[in-house]
Number of protein chains: 2
Amino acid sequence: MEKKRAILALAALAQTTRLDVFRALVAAEPTGVAAGDLARRFAVPANTLSAHLNVLAHAGLVKGERKGRSITYRAELAQVRLLLGFMLKDCCGGNPDACGPLLDQIVCCPEKACPS
Amino acid sequence: MEKKRAILALAALAQTTRLDVFRALVAAEPTGVAAGDLARRFAVPANTLSAHLNVLAHAGLVKGERKGRSITYRAELAQVRLLLGFMLKDCCGGNPDACGPLLDQIVCCPEKACPS
DNA sequence: TAGTTCGATATTTCCGGAAATATGGAAAAA
DNA sequence: TTTTTCCATATTTCCGGAAATATCGAACTA
């Protein structure tokens with residue numbers, strides 16, 4: 001991932017409502033959530049939420065698809081993967097010695113990270 | 001890492017100069033770099049860089065220590081670790097099925113991630 | 001009806017000039 | 001020699017203008 005897109009993604013996530021929405025969409029994979037449902041869930045006006053969704057979409061982190069009258073948004077996990085890869089490269093690539101303890105302490109799904 | 005601090009960190013990194021500086025400091029671990037050297041390297045006025053360093057420090061991503069008349073800044077790898085953990089938790093914790101392919105494709109130091 | 005776009009306002013962020021603060025070296029004074 | 005004074009360097013703080021962002025009512029669209 002190039003720096004420019006990484007900055008877009010970081011900025012998109014650096015806002016309370018957007019981070020909440022994004023987390024909800026990741027958790028809702030692969031089904032997705034309608035924009036209106038998100039607006040209700042987080043008590044945000046529809047137009048404000050629309051603007052936030054637009055920022056997330058512009059960063060490539062989510063994608064909307066019309067489903068009848070409503071529009072279902074889904075998280076783009078591939079983009080998340082690229083973003084995390086970019087950030088890890090900054091640390092590990094820039095300073096390999098820091099990589100070991102860094103990855104060791106990441107507690108997420110260690111058994112899947114090491115498919116023996 | 002709590003959400004508030006994660007947002008601070010994401011916002012701190014979502015800016016070209018700050019991301020550049022942060023990357024340089026990660027690469028310069030554990031020695032660190034003086035503020036003035038960073039200003040020269042990235043051709044940014046001292047006061048502007050000082051403001052950026054302040055944002056990074058407030059987010060806990062870097063830390064400055066006086067060394068004589070200059071101030072040496074260092075990256076806080078522990079905080080980076082927390083931030084990456086937070087982001088991974090959003091994906092893996094929120095949707096464990098997405099975790100496997102996500103971590104599999106992270107190319108950083110795979111041999112260290114899986115210390116057989 | 002569900003969402004988006006437009007337009008206006010409030011707030012925040014970015015930037016750099018000017019001045020203030022901190023440190024230490026070197027010369028001058030006691 | 002010790003202390004003070006002065007000066008140069010390093011960085012931060014203060015300030016305001018310009019640009020970007022956040023928010024929401026109202027109109028528009030699918």
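Every heavy atom of this structure was used, including side-chain atoms; hydrogens, water molecules and symmetry mates were not. Residue numbers start from 1 in every chain, and the chains themselves are labelled A, B, ... in the order their sequence lines are given, proteins ahead of strands.
- Remark: of the listed residues A:R74, A:R81, A:Q79, A:R81 is the sole one forming a side chain to side chain contact (heavy atoms under 4.5 Å, CB included) with A:L77.
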> For every nucleotide of nucleotides 13-30 of chain D, 5' to 3': is a protein heavy atom under 4.0 Å from its base (B), only from its sugar-phosphate (S), or from neither (-)?
Replying inline: B--------SSBBB----
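- Residues A:L8 and A:F86 do not share a hydrophobic cluster, clusters being chains of Ile/Leu/Val/Met/Phe/Trp/Tyr side chains in contact below 4.5 Å.
- Residue A:Y73 places no side-chain N or O under 4.0 Å from the OP1 or OP2 atom of C:dA2.
- Among the protein residues, B:A34 comes within range of the sugar-phosphate backbone only, with heavy atoms under 4.0 Å from sugar or phosphate atoms but none that close to a base.
- Residues A:S70 and B:R69 both approach DNA chain C. Their nearest nucleotides, taken by heavy-atom distance, put A:S70 toward the 5′ side.
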Expected list for residues 36-65 of chain B: side-chain donor-acceptor pairs under 3.5 angstrom, two or more places apart:
{"residue": "B:D37", "atom": "OD1", "partner": "B:R40", "partner atom": "NH2", "Å": "2.9"}
{"residue": "B:H52", "atom": "ND1", "partner": "B:R18", "partner atom": "NH1", "Å": "3.2"}

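- The distance from atom CG of A:L49 to atom P of C:dT5 is 13 Å, rounded to the nearest whole Å.
- Between the P atom of C:dT4 and the NE2 atom of A:H58 lies a distance of 16 Å, rounded to the nearest Å.
- The closest donor-acceptor contact from the side chain of B:E76 to the backbone of B:A78 lies at 3.5 Å or more, if one exists at all.
- Counting to the nearest Å, the P atom of D:dT12 and the CD1 atom of B:I71 are 4 Å from each other.
- Remark: the backbone N or O of A:V26 is not paired with any side-chain donor or acceptor of A:R23 at under 3.5 angstrom.
- Side chain of A:E2 to main chain of A:K4: no donor-acceptor pair is present (N/O by atom type, distance under 3.5 Å, no hydrogens or angles).
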